[in-house]
Trainee: 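After the structure tokens below, expect a handful of questions from me.
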Amino acid sequence: MSTGLGEGVYEVFARKRRGEPLRHIGYIDAPGDELARVYAWKTYDEESWFEMCVVPRGAVIPVNRVEGPWAKNVPEEADGP
Amino acid sequence: MASYTEDELKKKIRGGYILESPEEMTPGYRRALIVQLTVQADTELMSAPAYWFAARHAPSTNTQVSAHAIIQDELAHANIAYRLLEDLGVSKEHLVYGREPHEFKHPYGFDQPLDNWAELVVANGFFDRAGICLLGDVHRNTSYGPLKRALVKVDMEETFHLRHGEVWMRRLARAGGAATELLQRCVDWMFPMTIEWFGLPDDLKHHSGQLDYKLKGLTNDELRQVWMSSTVPLCEGLGLSVPAHYDEEADEYVLEYPFPCEYDPDAKRWLFDDGEITWQAVFERWKGRGPMNEIYVDSVRRSRGSVASWLN
Ligand SMILES: [Fe+2]
Ligand SMILES: [Fe+2]
């Protein structure tokens with residue numbers, strides 16, 4: 001779903017420290033990858049993250065679940081994991 | 001795909017069930033969650049211009065920075081709540097840009113002007129604390145997984161806003177003289193404003209479903225008590241008078257003024273002497289919105305149209 005300024009959704013993942021898991025911490029709307037990086041870094045500034053990355057919502061392919069925000073990305077020919 | 005009846009879902013939720021996607025919701029659950037999130041998102045959004053206008057009164061560059069850091073947090077909180085709504089199929093575009101100013105669902109307190117530095121820091125001490133009471137309760141209890149996770153960040157940052165308020169209230173209280181007088185005037189209008197924010201008392205409240213669906217854990221009256229249990233001792237400790245005290249026998253905080261009562265927004269004064277009014281009258285005042293409503297809404301979206309037209 002996009003907003004009036006041609007934005008798409010990006011999922012935000014971050015790792016607090018070395019040795020910790022990369023966690024899904026939220027999402028932002030942005031009109032492209034470059035601004036998605038900036039918006040994510042500025043929006044989720046509650047920690048000094050060791051690592052942060054953003055993924056366009058459309059690029060997350062669910063393996064087993066058929067509900068939720070990524071459900072529509074299941075490949076059509078898929079028949080379970 | 002789950003298709004529970006309302007009662008089945010409520011029962012599952014009582015057993016600790018966490019919902020992870022809109023497909024699992026019943027119509028009743030979805031409706032109640034949308035109401036809750038809209039109030040949350042609008043409150044965060046409208047706190048930003050309220051604090052932004054007040055930040056002009058910051059007494060130094062350092063304080064400008066901390067005030068603007070709070071404003072930045074609030075906008076991020078708003079964004080997160082609107083994004084959750086969008087995943088429920090509600091258009092963020094419409095919510096932010098498509099409504100009339102009076103249709104926003106934030107509390108009446110964020111329709112009021114904050115006219116000096118003392119009012120900003122008391123807003124942090126009172127309004128942000130109300131936010132923590134309400135959202136902390138949601139964080140601990142909500143049955144909606146995405147909201148629970150989103151609130152980790154919000155809780156952390158709201159605690160910083162509250163500290164900012166408390167530290168500055170302490171400084172102004174210690175200064176004495178004009179600073180303390182001004183602080184007392186802030187408390188006089190903002191204490192009852194926050195009390196009213198928590199809404200209808202439990203004995204008048206019609207059932208909203210938010211408790212049955214575990215979208216929150218505490219009732220309005222319980223939340224009001226939680227807020228008072230930290231605010232009243234804080235103010236008393238600073239030598240500020242508040243129209244409430246702890247009643248040993250009842251084991252709760254009691255108000256010392258007619259509640260609810262009428263408010264004069266131009267004079268920033270509660271009309272205690274005119275006595276208790278009905279909640280119907282309160283709802284009408286809220287619906288009519290306060291003096292800064294249109295200005296605040298306009299300030300967060302005034303450039304949208306032109307920029308959108310350049311890009312499209
Ligand atoms: Fe906030
Ligand atoms: Fe806040």
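Per chain, numbering begins at 1; letters A, B, ... match sequence-line order. What you are looking at is a predicted structure, and each value in this text was computed from that prediction instead of being measured.
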Trainee: Kindly say whether A:Gly68 contributes a backbone atom to a donor-acceptor pair with the side chain of B:Glu20 at under 3.5 angstrom?
Mentor: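 Not confirmed, B:Glu20 side chain does not pair with A:Gly68 backbone.
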Trainee: Residue by residue, which of residues 33-54 of chain B have a heavy atom closer than 4.5 Å to a heavy atom belonging to chain A?
Mentor: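 Residues of residues 33-54 of chain B touching chain A at under 4.5 Å: none.
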Trainee: Looking at B:Glu24 and A:Arg65, is any side-chain nitrogen of the basic one under 4.0 Å from a carboxylate oxygen of the acidic one?
Mentor: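 Result for this pair is yes, salt bridge flagged.
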Trainee: Counting neighbours of CZ on A:Arg37 that are heavy atoms of other residues, nucleotides or ligands and sit closer than 6.0 Å, is the number greater than 12?
Mentor: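 Atom CZ in A:Arg37 is not packed in, count stays at 12 or less.
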Trainee: With a sphere of 6.0 Å drawn around CD of B:Glu294, does it hold more than 12 non-hydrogen atoms of other residues, nucleotides or ligands?
Mentor: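 Not more than 12 within 6.0 Å, no.
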Trainee: Pull out the residues in residues 40-49 of chain A that come under 4.5 Å of chain B, heavy atom to heavy atom, sorted by number.
Mentor: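 When heavy atoms of chain B are the reference, residues 40-49 of chain A contributes A:Lys42, A:Thr43, A:Tyr44, A:Asp45, A:Glu46, A:Glu47 within the under-4.5 Å range.
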Trainee: For atom CZ of B:Arg31, is the number of surrounding heavy atoms from other residues, nucleotides or ligands below 6.0 Å larger than 12?
Mentor: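 Check fails, neighbour count at 12 or below.
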Trainee: If the condition is side chain to side chain donor-acceptor pair (under 3.5 Å), which residues does B:Gln64 pass it with, not counting sequence neighbours?
Mentor: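 With neighbours one apart ignored, the set is B:His68.
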Trainee: Side chain to side chain contact (heavy atoms under 4.5 Å, CB included) between A:Asp29 and B:Tyr82: does it pass, once the steps are laid out?
Mentor: CA-CA 10 Å; A:Asp29 297 313; B:Tyr82 286 123; over 6 Å; no
Trainee: Rounded to the nearest 0.5 Å, how far does CG of B:Asn79 lie from OH of A:Tyr39?
Mentor: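 It comes to 9.5 Å.
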Trainee: Is any residue of residues 139-155 of chain B within less than 4.5 Å of chain A by heavy atoms, and which ones?
Mentor: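 Expected list: B:Pro146, B:Lys153.
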Trainee: Looking only at non-hydrogen atoms, find the nearest pair between A:Val9 and B:Arg83 and report the distance.
Mentor: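 Heavy atoms of A:Val9 and B:Arg83 come nearest at CG2-NH2, 3.2 Å.
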